[in-house]
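Residue numbers begin at 1 in each chain, while the letters A, B, ... track the order of the sequences.
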Amino acid sequence: MKSIKDLLSKITVENIKIELMRTAYGNKDTFMGKLDPRVAIVWYLIFAIIPWLFWNNTILLGFLLYMVVLLSISRVSPLIIILLAFGLVTEAGYIIFVSVMFGGDLTAAMALLTFTLKLTIISLASIAVFASMDPEKFSDALMSFRLPGQVCFGISYGYRMLPILIEEYNNIFNSFRLRGKVPEDRGVIHWKRVVYYCKTAVFAFYPMMLNTAKRTRTTVEALEVKGFTYSLKHEEVRKLKLSYLRVQPRDIYFFIFTIFLIITVIYIGHLYPIEREIHPL
Amino acid sequence: MNTLISVKDLSFKYPGGTENILNRVNVEINKKDFTAVIGSNGSGKTTLCKAFNGLIPHFYVGDIKGEVIVDGLNTREHSVSELSKKTAYVYQDFENQLVRPTVFDEVTFAPLSFGMKDFKERGQLALEMLDLTSIKDEFIWQLSGGQKHLVALASVLSLDPEAIIIDEPVAQLDPVNAKKIYEKLKLLNEAYGKTIIVIEHHTEFIGEYCKKVIMMDKGQVVWQKPTKDALNNVGELIEKDIFPPQVTQAIHRLYQNNILLPITLSEGIDFLKNHPVSIAQQPYPEKVKKLPTPIVSLEGVTHGYKTLNRGMNYVFTDLDLSLYEGDRVAIVGSNGAGKSTLLKMITGIIKPKHGNVFVCGENAGNTPPEKLSEKVTYIYQNPEEMFIEDSIRKDIEYFLKVRDVPDTEQFFSKLVERFHLKEIENKDGRLLSGGQQRRSSMAIGLGMRPQVILLDEPTASLDISSRKEMLLMLEQLKDSVKTVVVATHDMQLVAEWANRVIVMDQGEIVKDGSSHDIFSDVALLEKASIQAPQIIKLGQALNLNPVPLSVDAFVSCLVAESGEEKLEIY
């Protein structure tokens with residue numbers, strides 16, 4: 001019980017903010033972080049599609065292993081790993097529970113677990129890419145893929161605003177607490193308090209949105225004065241802005257290695273398949 | 001041609017507005033001027049400055065007559081992007097004008113957006129001019145308020161503008177950082193030949209740094225004078241709710257006759273050397289007696305935050321403090337000294353990592369803030385964060401309503417009356433002016449019937465008349481609450497209001513005493529980077545002991561020896 005309390009006491013707004021910012025900006029010098037963002041995005045797209053093409057568990061496990069190795073050299077924040085693990089464990093538990101409860105057996109569960117495996121590969125790929133990619137680079141990569149300038153700016157600006165928003169939300173949440181009233185009667189396993197906190201957490205969003213809307217006036221003016229509109233209209237600004245993006249030999253080696261690895265895994269998968277028998281209907 | 005900005009017969013009305021915000025304004029600003037624009041709220045200062053960089057008429061499309069020429073460009077015919085290379089603008093809420101994650105991204109953003117090939121060099125140069133190269137790679141959100149303001153200045157400086165407009169720099173900054181900003185502006189003006197325009201009502205800074213003053217009233221320029229002449233119009237300034245420097249006020253009250261009044265501290269000291277005064281010594285103020293049981297006590301409190309590199313940043317280690325009934329405490333110290341954390345700890349929002357906090361007999365460490373708030377109220381620095389309902393009246397009622405306290409109508413109505421909120425009680429707090437917001441936040445606090453009230457920077461970003469109102473409200477608090485604690489940078493407030501001052505430096509209490517004790521300890525002021533009010537420095541220069549804390553006290557212990565009668569007090 002005490003350890004749970006200790007764990008819960010670590011979930012403070014301050015810690016969440018730090019973890020988020022660390023995830024966003026703190027991994028510039030990892031292997032994945034140093035890749036050219038465009039290469040990283042293409043790499044991610046490959047691994048978002050390829051798991052759907054196979055039902056061979058050997059191949060999928062091979063990809064999973066690759067992802068785990070990549071993640072282990074990417075210094076991903078524990079918060080993200082915990083969230084992912086939580087999702088996976090509850091999902092696997094639910095699958096086994098449902099298939100056994102509703103008269104199926106473990107083969108049904110196995111089929112669904114293959115599906116979970118695919119989702120896990122994709123999740124890990126996205127963590128490997130996005131947790132170590134600076135939002136700035138991500139936004140610039142999107143710009144070089146010719147997405148609208150407002151969208152690209154929106155991504156980097158959103159990250160810049162995140163800590164301010166979290167802080168503001170925290171203050172307003174506390175403002176509710178400083179004037180609110182906790183139910184005296186706690187109810188079974190404190191459920192009344194839980195309801196009170198959840199309600200407060202939702203209510204606190206509204207003042208935050210209004211305050212933010214008010215603040216953006218200055219931001220919009222400042223953007224205008226600093227030539228944001230000008231930059232959208234002029235192609236040479238886009239080129240200047242993206243001129244720092246260069247594909248390095250490292251990117252090419254990484255790409256070739258990945259292709260080679262995919263082929264090898266598929267080959268091994270065909271030699272030693274772990275495959276469910278597909279029953280004809 | 002020496003004129004940089006010339007305004008001819010400019011009138012402007014915001015779209016949908018009923019009155020002209022600017023009314024036939026004629027003014028000229030020369031190259032390399034350092035000009036202050038003063039005037040009461042709503043006199044059109046900000047609107048005029050927005051006409052200088054083309055936001056008016058290009059961004060705010062209102063009714064406009066007359067013309068503005070900036071460095072030969074007519075603002076009507078040239079776009080905002082062209083004009084922003086001539087005049088730069090630093091906002092009062094400068095934090096919202098920073099749009100990029102790191103300092104270097106921010107300072108290169110404008111030249112990059114305009115497609116200037118040398119954008120990196122420009123950003124670098126701007127950082128060097130303001131001595132910011134050491135924080136080049138820092139994230140904006142980790143900077144202090146003073147650093148953010150300098151970055152906002154650097155980010156507009158990177159376009160190499162002719163003129164820089166700064167809207168109320170002192171309002172959001174502590175005195176030490178405000179002085180730093182002015183020193184930088186002075187440097188930009190003198191060494192780099194920039195024209196500086198500040199919207200300002202802190203006349204002490206105007207006296208020290210500005211060369212000219214433009215006075216605005218009701219959308220018109222009343223006059224434009226050299227600073228010395230401008231600040232000598234003591235009567236007129238006070239009528240417009242602008243207070244001349246304390247030195248000027250004091251000498252003005254000592255000498256009725258028409259002399260040229262000093263406008264800076266050093267001028268004041270010189271003046272008094274040549275105009276001898278006799279000193280009527282004042283008795284030391286009595287010390288407040290402490291009751292044996294404290295209302296709030298902190299025992300061995302340790303607290304810290306995690307930092308980005310997984311280290312721990314200790315705010316307090318082993319802090320002890322007791323607050324008593326009748327205390328009017330001012331907590332002072334530079335940003336990051338731990339003032340806000342201390343206040344939040346007393347409310348129970350922040351729980352100490354080690355040690356105990358007791359508030360009115362309750363242990364704040366294991367009492368939820370909802371329960372402690374029946375004893376103690378915390379007033380946020382930013383009132384907007386206290387507006388959780390859609391009208392002021394509902395906000396004031398919230399606390400007692402959720403507790404189902406009966407018969408409160410009369411209490412609320414009285415409160416609304418007392419804080420002059422009758423006309424605006426049904427409005428959303430966010431739509432009010434700064435002064436109204438501050439009054440509302442006080443009313444919300446008192447609507448909780450607290451014994452202890454904690455205020456975070458109650459006078460920050462208030463204009464002078466709202467500030468005066470705030471002082472009055474603080475004065476009246478003693479009738480309804482037992483202990484008042486204020487965390488502040490406003491040393492005039494400290495000198496005139498507090499009966500106990502706690503100086504914090506890096507999470508430690510370095511001094512706990514009366515205003516006299518604090519302000520006479522020069523080494524301490526230096527260490528905790530506190531700027532004593534001008535009148536106290538003047539008193540110290542005259543070796544007055546005890547040093548007078550306000551202009552009133554100063555005047556009452558000096559007698560002018562020029563043969564003239566002493567002036568009566570206005």
Side-chain angles (χ1 to χ4, degrees), chain A residues 9 14-15 18 21-22 24-26 134-136 153 156-157 159-164 167-168 171-172 174-182 193 196 203-204 206-208 210-211 213-232 234 236-241, chain B residues 50 53-55 58-59 79-81 84 88-89 91 93-102 105 109-117 119 139-141 155-156 159 305-308 344 347 349 351 368-371 373 377-378 380 382 384-388 398-399 402-403 428 430 444 448:
Chain A
S9 74
E14 199 58 34
N15 283 351
I18 294 262
M21 295 322 281
R22 208 178 265 159
Y25 296 109
D134 189 324
E136 289 307 299
F153 178 78
S156 71
Y157 181 66
Y159 268 100
R160 138 100 185 97
M161 287 297 287
L162 210 56
I164 300 179
E167 194 126 309
E168 173 114 3
N171 282 341
I172 292 169
N174 283 333
S175 204
F176 270 97
R177 290 197 71 189
L178 282 175
R179 276 188 275 159
K181 184 168 182 288
V182 203
R193 289 209 170 178
Y196 164 76
F203 280 134
Y206 298 101
M208 180 186 78
L210 294 173
N211 289 354
K214 198 183 156 195
R215 269 209 304 259
T216 32
R217 205 184 80 162
T218 302
T219 311
V220 173
E221 273 184 32
L223 281 175
E224 185 66 26
V225 173
K226 288 182 184 175
F228 181 62
T229 321
Y230 182 94
S231 75
L232 295 181
H234 293 77
E236 77 270 11
V237 176
R238 202 181 75 97
K239 286 205 183 113
L240 184 65
K241 195 166 163 40
Chain B
K50 284 187 178 164
N53 71 346
L55 278 175
H58 295 288
F59 199 78
S79 65
V80 174
S81 15
S84 55
Y89 201 104
Y91 288 82
D93 54 338
F94 54 90
E95 284 194 38
N96 299 324
Q97 98 182 72
L98 303 170
V99 293
R100 303 290 288 160
T102 70
D105 282 337
F109 181 71
L112 179 58
S113 297
F114 284 118
M116 297 171 178
K117 294 238 156 44
F119 67 97
F139 290 110
I140 298 279
W141 57 282
S155 76
V156 295
L159 287 177
Y305 290 108
K306 258 193 200 166
T307 58
L308 203 56
K344 285 186 179 162
T347 64
I349 292 179
K351 307 287 182 198
E370 286 88 344
K371 189 117 192 3
S373 63
T377 290
Y378 174 70
Y380 281 71
N382 176 5
E384 290 195 355
E385 288 167 350
M386 293 181 75
F387 300 141
I388 56 179
Y398 190 92
F399 177 82
V402 295
R403 282 170 176 69
D428 189 305
R430 275 160 278 271
I444 293 170
M448 297 163 67

Output the option from [options] having the highest count of non-hydrogen pairs under 4.5 Å with chain B.
| options | answer |
| --- | --- |
| A/I172, A/L232, A/L210, A/N211 | A/N211 |
| A/K181, A/K239, A/E221 | A/E221 |
| A/E236, A/R217, A/M161 | A/R217 |

Side chain / backbone / both / neither for [X] at chain A, heavy atoms under 4.5 Å:
| X | value |
| --- | --- |
| B/S81 | side chain |
| B/N53 | side chain |
| B/F119 | side chain |
| B/I388 | both |
| B/V80 | side chain |

inquiry  = Would you call the rings of A/Y230 and A/H234 parallel, tilted or perpendicular, taking 30° and 60° as the class edges?
reply    = parallel
Parallel, tilted or perpendicular, as decided by the 30° and 60° cut-offs, for the rings of A/F153 and A/Y157 | parallel
Under 4.5 Å to a heavy atom of chain B? For A/F176 that would be both
Turns out that what part of A/I164 lies under 4.5 Å from chain B's heavy atoms comes down to neither
Take atom OH of A/Y159 as the centre, draw a 6.0 Å sphere, and report whether it contains more than 12 heavy atoms from other residues, nucleotides or ligands. no
Please identify, among [options], the residue contributing the most non-hydrogen atom pairs under 4.5 Å to chain A.
| options | value |
| --- | --- |
| B/Y380, B/F399, B/Y398 | B/Y380 |
| B/L112, B/V156, B/V402 | B/L112 |
| B/M386, B/M116, B/K344, B/R403 | B/R403 |
| B/R430, B/E384, B/M448 | B/R430 |

Run the side chain to side chain contact (heavy atoms under 4.5 Å, CB included) test on A/L223 and B/F109 for me, step by step, so that the C-alpha distance in whole Å, both residues' side-chain angles and the decisive distance to 0.1 Å come before the verdict. CA-CA 10 Å; A/L223 281 175; B/F109 181 71; 3.9 Å; yes
Output for pair (B/F139 CZ, B/D105 CG), nearest 0.5 Å, gives 9.0 Å
message: Please determine whether a side-chain nitrogen of the Lys or Arg among B/E370 and A/R193 lies less than 4.0 Å from a carboxylate oxygen of the Asp or Glu.
response: no
A/E136/B/R100 salt bridge by N-O under 4.0 Å criterion: yes
**Prompt:** Can you list the steps and then say if B/I444 with B/F387 is a side chain to side chain contact (heavy atoms under 4.5 Å, CB included)?
**Reply:** CA-CA 9 Å; B/I444 293 170; B/F387 300 141; 3.9 Å; yes
Taking it one step at a time, do A/K241 and A/S231 satisfy side chain to side chain contact (heavy atoms under 4.5 Å, CB included)? CA-CA 10 Å; A/K241 195 166 163 40; A/S231 75; over 6 Å; no
